[in-house]
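If you're wondering where the values come from, they're calculated on a predicted model, not measured in any experiment.
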Amino acid sequence: MEPVAKLSAQGLLFSRVFIGDNNRVWILAEEEGIDSPHTKFLQYRDGNWIFRRMSWGSAGLCGITVPETDFFAVGVDGEVLHGTRTGFSEESVDDTDSGPRKRGYLRDVRLIGERIYVVGMGRQAYRREQTGKWSRFDGGLLAQSNELAGLNAIDGVIEKNIYAVGLHGEIWHHNGEKWNRFDSPTNLSLHRVLCVSPVRTYICGAGGILICGESGNFNVIEQNSTDDNLYDLAWFQNQLYVAGLKNLFVLIDNELQEVALGLGNGFTFGHLHAKDGMLWSVGARHLAYTVDGVSWLQVFYSENSG
């Protein structure tokens with residue numbers, strides 16, 4: 001029997017991960033014992049750590065390192081930490097009365113093409129223009145004030161082919177001109193959408209729901225491995241990886257097979273990102289990555305490591 005997995009950090013709860021490149025990874029976390037909204041932004045580079053604290057809860061992060069470092073951590077109320085090679089600056093997605101402070105939390109942040117997109121409750125959607133200004137992207141999408149609706153995730157291969165998913169099984173698509181709602185095979189909450197090609201899309205959500213979309217037609221993958229909530233997806237070495245909170249799976253022949261990391265019992269999961277020949281897994285208590293899909297290395301955080 002495997003021993004209990006060691007914690008990757010003391011007093012931290014990890015929440016998001018984004019690979020900048022194969023030497024630099026960005027992670028969001030919260031510190032235990034602090035009641036006020038806050039986020040600890042972590043950068044893992046060449047085996048060393050640096051961090052920065054923000055006084056707001058986070059919705060996600062994304063960015064690039066080529067040709068220059070340019071990353072964004074976005075808060076649930078629209079706060080933005082913008083990092084570049086020369087330092088940090090702060091922005092706001094929308095601080096008006098019609099923004100997230102009024103309509104509800106933002107829930108996801110994605111780099112699609114060359115622009116940053118965010119979505120949230122009330123079917124809010126925004127994007128960051130090349131000028132550095134944020135603009136609304138939810139014409140024909142935004143919910144009425146008395147409507148219980150929200151988007152949990154957004155993704156796309158190109159900006160003229162974007163999908164967003166959310167509460168009650170809602171699936172939306174933007175074709176570069178307008179939003180359209182697709183028929184959904186479920187009314188369960190959908191937590192993540194991942195576009196792996198211009199014609200193939202995967203979606204996961206509550207109750208173990210896993211959906212494959214082919215050119216806009218969405219069908220449930222009838223897997224029997226789990227009915228736990230599924231929270232994230234990653235495409236790595238031409239295979240789909242799917243994360244719950246307690247297990248990591250890979251989709252093989254339309255069945256979810258559990259991935260054995262070999263790092264101990266009780267390993268936590270929940271968030272994934274694949275890029276530059278790496279797949280990172282982040283759970284509330286554990287960090288790990290693989291470069292081959294077979295051997296996994298656990299990563300440990302220490303403020304004294306960099």
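- A parallel orientation is assigned to the rings of His191 and Tyr231, their planes being inclined by less than 30° (bins at 30° and 60°).
- Taking the side chain to side chain contact (heavy atoms under 4.5 Å, CB included) definition, one finds that Glu170 meets it with Arg123, Ala149, Trp172, Arg181, sequence neighbours left out.
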Please table the atom pairs, donor to acceptor, closer than 3.5 Å between any side-chain atom in residues 59-77 and protein atoms at least two apart or in another chain.
| unit_1 | atom_1 | unit_2 | atom_2 | d |
| --- | --- | --- | --- | --- |
| Thr65 | OG1 | Gly20 | O | 3.4 |
| Thr65 | OG1 | Asp21 | OD2 | 2.9 |
| Glu68 | OE1 | Arg85 | NE | 3.2 |
| Thr69 | OG1 | Arg24 | NH1 | 2.7 |
| Asp70 | OD1 | His82 | NE2 | 2.4 |

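- A side-chain donor-acceptor contact under 3.5 Å links Ser15 to the backbone of Leu28.
- Under the 4.0 Å criterion applied to side-chain N and carboxylate O atoms, Arg115 and Glu159 are assigned as salt-bridge partners.
- Using modelled atom types, one side-chain atom of Gln124 and one backbone atom of Met121 make a donor-acceptor pair closer than 3.5 Å.
- In the displayed structure, Glu177 atom CD is contacted under 6.0 Å by at most 12 heavy atoms of other residues, nucleotides or ligands.
- At distances below 3.5 Å, at least one donor-acceptor pair connects side-chain atoms of Asn161 with backbone N or O atoms of Pro198.
- A salt bridge between Glu303 and Lys40 is present, with a side-chain N of the basic residue lying under 4.0 Å from a carboxylate O of the acidic one.
- Atom CD of Glu147 has more than 12 neighbouring heavy atoms from other residues, nucleotides or ligands inside a 6.0 Å radius.
- Legend: residues meeting ring-ring contact (aromatic ring centres under 6.0 Å, His included) with Tyr289, ordered by chain and number and at least two apart, are Trp280.
- In this structure His273 satisfies the side chain to side chain donor-acceptor pair (under 3.5 Å) test with no other residue, sequence neighbours excluded.
- Checked against ring-ring contact (aromatic ring centres under 6.0 Å, His included), Trp134 has no partners two or more places apart in sequence or in another chain.
- Counting non-hydrogen atoms of neighbouring residues, nucleotides and ligands closer than 6.0 angstrom, the CG atom of Asp183 reaches no more than 12 such neighbours.
- With hydrogens and angles ignored, the 3.5 Å screen pairs a side-chain donor or acceptor of Glu255 with a backbone N or O of Asn224.
- Listed by chain and residue number, Asp94, Arg136 satisfy the side chain to side chain donor-acceptor pair (under 3.5 Å) test with Tyr126 (two or more places apart in sequence, or in another chain).
- Formation of a donor-acceptor pair under 3.5 Å by the Thr268 side chain with backbone atoms of His286 is found in this model.
- Of the possible donor and acceptor atoms, one in the side chain of Asp138 sits under 3.5 Å from a partner among the backbone N and O of Ala125.
- With Gln223 contributing its side chain and Thr226 its backbone, the two residues share a donor-acceptor pair below 3.5 Å.
- Remark: Gln298 engages Ser8 in a side chain to side chain donor-acceptor pair (under 3.5 Å) (not counting sequence neighbours).
- Ring-plane geometry between Phe182 and Tyr163 is classed as parallel, the angle between the planes falling under 30 degrees on a 0 to 90 degree scale with a further cut at 60.
- For the salt bridge (Lys or Arg N to Asp or Glu O under 4.0 Å) condition, the pairs that include at least one residue of residues 270-290, sequence neighbours left out, are Glu32-Arg285.
- In this structure, Asn152 contributes its side chain and Leu190 its backbone to a donor-acceptor pair below 3.5 Å.
- With sequence neighbours excluded, no residue satisfies side chain to side chain donor-acceptor pair (under 3.5 Å) with Thr186.
- The main-chain N or O of Leu194 is never found under 3.5 Å from a side-chain atom of Thr201 such that the two would form a donor-acceptor pair.
- Residues that satisfy the ring-ring contact (aromatic ring centres under 6.0 Å, His included) test with Tyr117, not counting sequence neighbours, are Phe137.
- Applying the salt bridge (Lys or Arg N to Asp or Glu O under 4.0 Å) test to residues at least two apart or on different chains, the pairs with a partner in residues 188-200 are Asp108-Arg192, Arg192-Asp232, Arg200-Glu214.
- In this view, Phe269 and Phe267 satisfy the ring-ring contact (aromatic ring centres under 6.0 Å, His included) rule, not counting sequence neighbours.
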